[in-house]
Amino acid sequence: MTTSETSNLDILQQQDPDVYAALKGEEQRQKSGIELIPSENYTFPEVLATLGSVFTNKYSEGYPGRRYYGGQQYTDQIETLARDRAKAVFKCEHANVQPLSGSAMNQAVYLGLLEPGDTIMAMDLSHGGHLTHGAPVSHMGKLFNFVRYVTNPVDGSIDYDQVRKDALEHKPKMVLCGYTSYPRDIDYEKFKAIADEVGAITMTDASHFGGLVAGQSMRNPFDFGFDIVTTTTHKSLRGPRGGMVLCKKEFASKIDKSVFPGLQGGPHMNAIAGIAVTLKRAQTQGFKDYAEQVLVNSKTLADELMQRQASLITGGTDNHMMVVDTMASYGLDGRVAEETLDKVNITTNKQIIPDDPLPPLRPSGIRIGTPAATARGMNEADMRQLGEWIDRCLRSPEDEAVLGEIQGAVETFCEKFPVPGL
Ligand code: DSN
């Protein structure tokens, strides 16, 4: 960079005080609140540097060594670094780092490896699947024949016998696991065996826990012979907003053609530079320690909430997130619970629960996760404190004195934990 970040911000302040004020407001919000949305995180300072860099200026359609525009000596270096590091971190044969984000990444896989109308098995949205896993309102749900499996009504876990029965009946071309609101680990061995029985491609959408696979605190689907793993880069991995398709060599050419020119034009090279530096961080002991602490913190927070009689879907967590049934626990729908916690600077998101009788904008629960809080250095004792605050707020949603007291305590608490990059 030829100009410093500070001078660029000074120019922004002069040129556009409105946007500058919003940016400063967001900085302050991030500093003075506790971020518990499981899909959010604080990226590394060097990622912020790449995102605001001259790579923003460059068009790079194609792939390293095969571009459609000149002047690619540095973009080629960056993309090659990102791909090589992705392969090393995730122990896979091929990596495409160009998807602009999670939806494009999953669409590229379906469109590259399957034909419209083909059958894909994936988890139902209310049980933990993502919109791009074939929700009827999504374009993918209309284009492909999604068979949606659900969790066991007794304990909320995946019913692998039912998944197998569904697979034998529907003969999918692809079996997909990896979820957006399922708080348990996945039995990859079972999924692989089921897929092999029907000759299906195996795919994991590891968007939520990709950073924990990278940091080796959660298992890697490639160790169980999976064909495709997708992951966003901005959640537990702590990188820029983006997506990656990781796969076996046999799928490499189809995946690359599907991403470009099939689905996208110019890749965002500033984000790809950010992915490269994130994947360097991911290979450090510091990142492994972080990934381990995310899980310890998640289990501790879940335990604290349950000790206070909160009802968690599946009765706990194996990963970085938990889903609290706020209707059952506190008689509050998820929207009221989210808004109540917002008042004390604790950010969560309203969340549908399996077979939720309530609508998505006023569902029965909230979703909570520990990647961002852990990135600020919070530990088990801090999780116990957070659990107490969350529980007290949700038991007194209309008591302004209690909410005011907790909001003040949260602000003071946050001063101990600097936000990375700010
Ligand atoms: N928005 C992401 C999440 O919160 O899980 C997925 O799209």
Side-chain angles (χ1 to χ4, degrees), residues 26 30 33-43 99-110 122-141 146 148 151 176-186 203-214 218 229-245 263 271 275 294 298 301 312-314 317-324 326 334-335 337-339 341-342 346-354 356 360-375:
E26 176 61 14
Q30 292 192 13
I34 301 168
E35 182 55 70
L36 291 179
I37 293 173
S39 47
E40 296 191 14
N41 215 329
Y42 304 105
T43 195
L100 301 180
S101 208
S103 296
M105 140 200 115
N106 285 344
Q107 287 166 15
V109 175
Y110 309 147
M123 177 108 77
D124 183 80
L125 183 71
S126 84
H127 289 247
H130 186 247
L131 273 174
T132 57
H133 299 174
V137 291
S138 74
H139 290 315
M140 293 301 107
F146 276 89
R148 284 176 280 275
T151 51
L176 168 55
C177 63
Y179 314 105
T180 192
S181 59
Y182 179 70
R184 294 297 182 180
D185 200 3
I186 297 165
M203 170 175 169
T204 301
D205 179 349
S207 289
H208 263 266
F209 51 91
L212 307 181
V213 173
M218 291 196 77
V229 175
T230 58
T231 182
T232 49
T233 49
H234 48 277
K235 296 188 176 87
S236 52
L237 192 54
R238 300 187 57 188
R241 302 195 85 84
M244 299 193 286
V245 181
L263 196 62
I275 291 172
V294 168
S298 181
L301 181 53
L312 268 55
I313 301 298
T314 77
T317 179
D318 298 326
N319 58 25
H320 62 299
M321 75 162 86
M322 61 214 75
V323 178
V324 185
T326 52
R335 186 170 113 188
E338 176 195 295
E339 287 172 358
L341 292 168
D342 266 342
I346 294 177
T347 314
T348 61
N349 72 270
K350 61 181 95 51
Q351 176 65 46
I352 46 176
I353 64 171
D356 204 326
L361 283 174
R362 204 148 201 154
S364 295
I366 55 171
R367 195 178 57 152
I368 294 178
T370 51
T374 308

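Start at 1 and go down the list; that is how both ligands and their atoms are numbered.
Annotation: side chain of R335 is not in contact with side chain of L361 (no heavy-atom distance under 4.5 Å). At a threshold of 4.5 Å between non-hydrogen side-chain atoms, the residues Y179 and I186 count as touching.
Scanning all protein heavy atoms for the shortest distance to atom 1 (N) of ligand 1 gives S39 OG, 4.4 Å. Nearest protein heavy-atom neighbour of atom 2 (C) of ligand 1: K235 CE, 3.8 Å. Among protein heavy atoms, the minimum distance from atom 6 (C) of ligand 1 is reached at H130 NE2, 3.3 Å.
Inspection of the D356 and S126 side chains reveals no N or O donor paired with an N or O acceptor under 3.5 Å.
Expressed to the nearest 0.5 Å, how far OG1 of T314 lies from OH of Y182 amounts to 7.0 Å.
Near R367, the atoms of ligand 1 lying under 4.0 angstrom from a non-hydrogen atom of the residue are 3 (C), 4 (O), 5 (O). Close contacts between ligand 1 and H208 involve ligand atoms 3 (C), 5 (O) [criterion: under 4.0 Å to a heavy atom].
Residues H320 and H208 share a closest heavy-atom pair of NE2-ND1, 3.1 Å.
Between E40 and ligand 1 there is no heavy-atom distance shorter than 4.0 Å.
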